Amino acid sequence: MPCPFASYKLLAMKLIITEKNQAAQRIASILSKGTAKREGGPRSSLYVFSDDSDEVKCIGLRGHIMKVDFPDEYKRWEEIEPGALVEAELVKQPAQESLVSTLKKCAKAASVIIIATDYDREGELIGLDVKRLCQEVNSNARYFRARFSALTPDEIRGAFENLKELDENLAMAGEARQDIDLIWGASLTRFLSLATSRLGQRFLSAGRVQSPTLALVVEREKEIQNVVPETYWQLSAVLEHDGATFSAVAIPKEFKDYEEAKRAFESIEDYAFVKSVEKRERQIKPPAPFNTTSFLTAASNLKVSPARAMNVAEDLYSRGYISYPRVDNTVYPESLSFRSLLESIRDSDVVGVFADELLKLRFFKPTRGRKESTDHPPIHPTSKAKKEDLSSLQWKIYELVARRFLATLSKEARARSTKVVLKSGAVEFVARGDLTIEEGFLRVYPYGRKKDEELPDISEGDVLKVVDKKIEEKKTQPPPRYSEGKLIEKMEELGLGTKSTRHTMIQNLLERGYIFGSPIRPSEMGTSVSAALRKHANPINTPEMTSNLEREMDRIVEGEISLDDVVGESRKSLSEIFSLMEERKEEIAQTIREGVRGDTVLGICPACGGELRIRVARSSKKRFVGCSSYPQCNVTFPLPQKGMIQPMGETCDACGSPIVRVITKGKRPWEICLDPECTKKKASVGTRKKKK
DNA sequence: GCAAGGTC
C-alpha cells in the first residue's frame with residue numbers, strides 16, 4: 001500500500017555531493033542563504049539545510065572516493081611475473097571507507113542526488129563513482145549533475161537552476177587514464193625492480209609522467225656533457241666621462257680568431273669617440289595573476305621548492321589566508337571584488353600599505369594571463385596576515401601571493417635604456433644602460449628586479465678617456481640545468497602531469513634517488529633507468545604517451561570508441577614491449593646495476609686521492625665509506641644507516657672530505673662532510689647548543 | 001612496497 005504521505009514534500013530529501021569540503025560548505029551556504037548547519041562535529045564535511053521545505057544534505061568528499069587496483073592475488077611482487085599485470089583484471093575499491101558509508105547512508109534516504117564535483121574530467125569520474133555507489137543502496141533516486149566554474153553565488157545558483165545529466169563518456173575517459181596508468185606504471189615498476197633485485201623501499205619506478213620528466217633531466221645532462229666548448233675572445237674597455245666610469249664591450253662580442261682579436265685589441269687608443277647615443281623608453285608590464293605553475297616558479301626563484309611551497313600554500317588556504325592554490329586559470333573572474341579584497345588585507349603587515357594605496361583608485365584594471373579557464377580564480381590573498389601569526393616560511397609565501405596580487409592591479413613601470421656606440425682605433429664598442437624611471441608595480445613586487453645600470457650623461461661627438469682595456473678568453477656555455485621551477489614549467493608546456501601533481505612528481509624523483517641537487521642533476525641510477533626505458537619501453541619515456549592518451553580520451557568523450565577498446569589497445573602495445581623486454585632482462589639489469597654502482601662513488605679520498613665508495617661491512621651488514629685503494633689506504637668513514645646518500649661533488653673546506661646529502665623520507669635533506677672528527681662540524685654543533 | 005589523479 002502506497003504511503004499516504006509519499007508526495008508530501010517534507011519527506012523528500014536532496015543530496016548534493018561535492019569533491020571537497022570547501023565546495024560543500026560554499027554551496028550549502030549559497031543555496032541556504034547562510035542558514036546551513038554543519039552536522040557531525042567540526043571536522044565533518046556534511047552540511048544540512050532546507051530549501052522549499054525539502055531537506056537538503058550537502059556532503060564534501062576528499063577527491064577520488066574509489067581507487068583502482070589489481071586483485072589480491074597479484075599483491076606479492078616476487079610471486080607474480082610483472083608481465084602478468086598487463087592482462088590482469090582491475091578492481092575498484094573504496095578509497096575512504098568512512099566517507100563511503102556516510103555517502104550511502106545519506107543516499108538511502110534521498111530522492112534526488114545531485115553530483116556537484118569539479119567541472120573537469122576527474123570530477124566527472126568521481127561523480128560516476130558516486131553514482132554507482134549510491135545506486136547500490138537506492139535504485140529509485142534521480143541523478144543530476146551541477147556544473148559550475150566558480151564557487152560564486154551566480155555560478156552556483158545558475159548551475160542548480162539548470163541541472164544536467166552526468167557525462168558518462170567523460171567519466172569513462174578518466175577511467176581509461178586510471179587503468180592505463182596503473183597497468184603501465186605497476187608492471188614496468190615491478191619489472192625494473194625485480195630484474196635488479198631492488199625490492200622493498202628501494203624499488204625502481206616508471207610511469208607515464210615521471211619517466212618523461214626524468215628523461216628531460218637526463219637529456220639535459222647529456223647535452224651539457226656533449227657540448228664541445230668553443231673558445232672565443234672578448235674585448236672590453238672601461239671608459240671615463242666627467243669622473244664617472246662605465247664599461248663597454250667590443251663588437252663583435254665574440255672574436256673566433258685570436259690573432260684578429262689581438263690586432264683589434266692593440267688598435268684601441270687612449271681615447272674613444274662617441275658615435276651615437278640612443279635613448280629609449282619602454283614599459284614594463286606588471287605580471288599576470290598567479291596560477292599554480294607561475295606561483296611555484298616564483299617560489300622556486302625564492303629558493304622554496306615546489307613541493308614545500310605547495311604544502312605551505314595548502315596550509316594557508318585551509319586557514320583562510322589565501323584562495324585555492326590548485327588552479328590553471330590566470331584571469332580574474334568578473335565576480336571577484338578587488339575593492340573588498342584590498343580592504344580585507346589593508347591591515348596586513350608589510351603589504352597592507354600597498355593595498356591602502358590601491359584603494360584610492362576609482363576602478364581597477366587587472367592584468368590577464370594567457371591561460372583562461374573556469375576552474376578557480378587565480379591565487380590571491382583572502383585575508384590579512386600578521387608576521388607574528390605565521391612561521392617565516394608561511395609569511396614568505398603569503399607575502400609573495402599578496403604582493404603578486406597587488407602587482408596585478410598596479411601601474412606598469414617605465415624604464416629608460418641607453419645604447420652608446422663608441423669607437424677607439426679599429427674597434428667599435430657598445431655600452432648599455434638601463435634605468436627605472438617610474439617604479440610602478442615594481443615597488444610592491446620587487447622580486448627578480450634588475451639592478452639599474454646607469455651610464456653617465458654622454459652625447460654624440462664626446463671624446464672619452466679609455467682608462468682600461470681587456471682581452472679575455474671565454475668559452476661557450478652549455479645549456480643550464482633545470483631548476484625545480486623551470487622543470488615544472490617544462491612539464492606544463494609538454495602537457496605532463498597536472499597543476500596538482502607536478503610538484504609531487506618531482507618530489508618522487510628526488511626521494512627515489514633518480515635526481516638530486518639544485519639545479520637538478522640525474523643520478524647514475526636515474527640515467528641508467530632512463531636509458532633502459534628509452535631503449536626497451538620507449539613509449540613511456542616520452543611526453544607523446546600523454547598526448548596520445550589525451551587524443552584517445554577525446555574519442556571516448558565523443559563516443560567514437562569505448563573505454564575497453566582504448567585500454568585493450570594499450571595492453572596490446574605494452575604486451576609487445578614486455579615480450580621483448582623479458583628476453584633482454586639480464587642486459588637491462590646489468591645496465592642499471594652499473595648505474596647504481598656509479599652512485600656509490602662519493603668523492604675523492606682526502607688521504608690518497610683514491611675513490612671513496614659506499615661499502616657494506618660483511619659482518620655487521622652496516623654501510624660505511626671506504627677508499628678504493630684499500631688495503632694500501634685504510635681511510636674509512638661512518639655513514640648514517642638510514643636514508644639515501646648522494647654525492648654533492650664538493651669537499652669540506654675544513655677537513656677536505658667529500659660533502660654528501662642524506663635524504664630520509666619525510667625529512668628535510670641535510671648535508672654533511674664525511675669526517676665525523678671534522679673541526680668545522682664540532683664548531684657548528686657547539687653554536688647550535690648555544691642557541692638552545 | 002607499484003601509477004597518476006584528486007584532496008587534507
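Please read these numbers as outputs of a predicted model, since none were measured by experiment.
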Student: So does A:Arg190 reach the base of B:dC2 with its side chain, donor to acceptor, closer than 3.5 Å?
Tutor: yes
Student: At 4.0 Å (heavy atoms only), tell me whether A:Arg326 reaches a base, stays on the sugar-phosphate, or touches nothing.
Tutor: base
Student: Does A:Trp77 stack onto the base of B:dG1, taking stacking as ring centres under 5.5 Å apart and planes under 30° apart?
Tutor: yes
Student: Does A:Ser193 have a side-chain nitrogen or oxygen under 4.0 Å from the phosphate oxygens OP1 or OP2 of B:dG1?
Tutor: no
Student: When all nucleic acid strands are considered with a 4.0 Å heavy-atom cut-off, which category describes A:Ile126: base, sugar-phosphate, or nothing?
Tutor: nothing
Student: Would you mind classifying the nucleic acid contact of A:Gly497 as base, sugar-phosphate or nothing, using non-hydrogen atoms under 4.0 angstrom?
Tutor: sugar-phosphate
Student: Has the side chain of A:Asn21 got a donor or acceptor that lies under 3.5 Å from a partner of the other kind on the base of B:dC8?
Tutor: no
Student: So what does A:Gly207 hit on the nucleic acid, given a heavy-atom distance under 4.0 Å: a base, only sugar-phosphate, or nothing?
Tutor: sugar-phosphate
Student: Is any side-chain N or O of A:Ser500 closer than 4.0 Å to OP1 or OP2 of B:dG5?
Tutor: no
Student: Between A:Leu199 and A:Glu19, who's closer to the 5' end of DNA chain B by nearest nucleotide?
Tutor: A:Leu199
Student: Return no unless some side-chain N or O of A:Arg62 is found under 4.0 Å from OP1 or OP2 of B:dG6.
Tutor: no
Student: Ignoring the backbone of A:Thr189, work out which of B:dG5, B:dC8, B:dA3 is nearest its side chain.
Tutor: B:dA3
Student: Could you state the NE2-C1' distance from A:His64 to B:dG6, rounded to the nearest angstrom?
Tutor: 4 Å
Student: Over all strands shown, is A:Ala95 touching base, sugar-phosphate only, or nothing at heavy-atom distances under 4.0 angstrom?
Tutor: nothing
Student: A:Thr102 and A:Ser44: side-chain contact (heavy atoms from CB on, under 4.5 Å), yes or no, with the steps?
Tutor: CA-CA 10 Å; A:Thr102 316; A:Ser44 115; over 6 Å; no
Student: For a quick check of understanding: with a heavy-atom distance under 4.0 Å over all strands, which category does A:Asp118 fall into, base, sugar-phosphate or nothing?
Tutor: sugar-phosphate
Student: Rounded to the nearest angstrom, tell me the gap between atom CG in A:Leu509 and atom P in B:dA4.
Tutor: 9 Å
Student: May I ask you to evaluate whether A:Arg43 reaches the phosphate of B:dC8, defined as a side-chain N or O under 4.0 Å from OP1 or OP2?
Tutor: no
Student: In whole angstrom, what separates A:Lys92's NZ from B:dA3's P?
Tutor: 19 Å
Student: Among the candidates B:dG5, B:dC2, B:dT7, find the nucleotide nearest to the side-chain atoms of A:Met505.
Tutor: B:dG5
Student: Identify whether any heavy atom of A:Arg502 sits under 4.0 Å from a base atom; if not, whether one sits that close to sugar-phosphate; answer base, sugar-phosphate or nothing.
Tutor: nothing
Student: Under 4.0 Å, heavy atoms only, any strand: does A:Gln210 hit a base, just the sugar-phosphate, or nothing?
Tutor: sugar-phosphate
Student: When all nucleic acid strands are considered with a 4.0 Å heavy-atom cut-off, which category describes A:Gln96: base, sugar-phosphate, or nothing?
Tutor: base
Student: Just how far, in rounded Å, is P of B:dA4 from CG of A:Leu494?
Tutor: 15 Å
Student: Under 4.0 Å from OP1 or OP2 of B:dT7: is there any side-chain N or O of A:Tyr324 that close?
Tutor: yes
Student: What's the closest nucleotide to the side chain of A:Val209 if the choices are B:dA4, B:dG1, B:dC8?
Tutor: B:dA4
Student: In whole Å, I'd like the distance from the CG atom of A:Leu103 to the C1' atom of B:dT7.
Tutor: 16 Å
Student: Round to a whole Å and report the spacing from CG of A:Asn508 to P of B:dG1.
Tutor: 15 Å
Student: State whether A:Arg512 places a side-chain N or O below 4.0 Å from either non-bridging phosphate oxygen (OP1 or OP2) of B:dA3.
Tutor: yes
Student: Measuring only between side-chain heavy atoms, which start at C-beta, is A:Arg326 closer than 4.5 Å to A:His376?
Tutor: no
Student: Go through B:dG6, B:dC2, B:dA3 for me and flag the one nearest to the A:Phe203 side chain.
Tutor: B:dC2
Student: Would you say A:Ser205 reaches B:dA3's phosphate, i.e. side-chain N/O to OP1/OP2 under 4.0 Å?
Tutor: yes
Student: Rounding to an integer number of Å, can you tell me how far A:Gln25 CD sits from B:dC8 P?
Tutor: 11 Å
Student: Please check the phosphate of B:dG5 (OP1 and OP2 only) for any side-chain N or O of A:Thr501 closer than 4.0 Å.
Tutor: yes
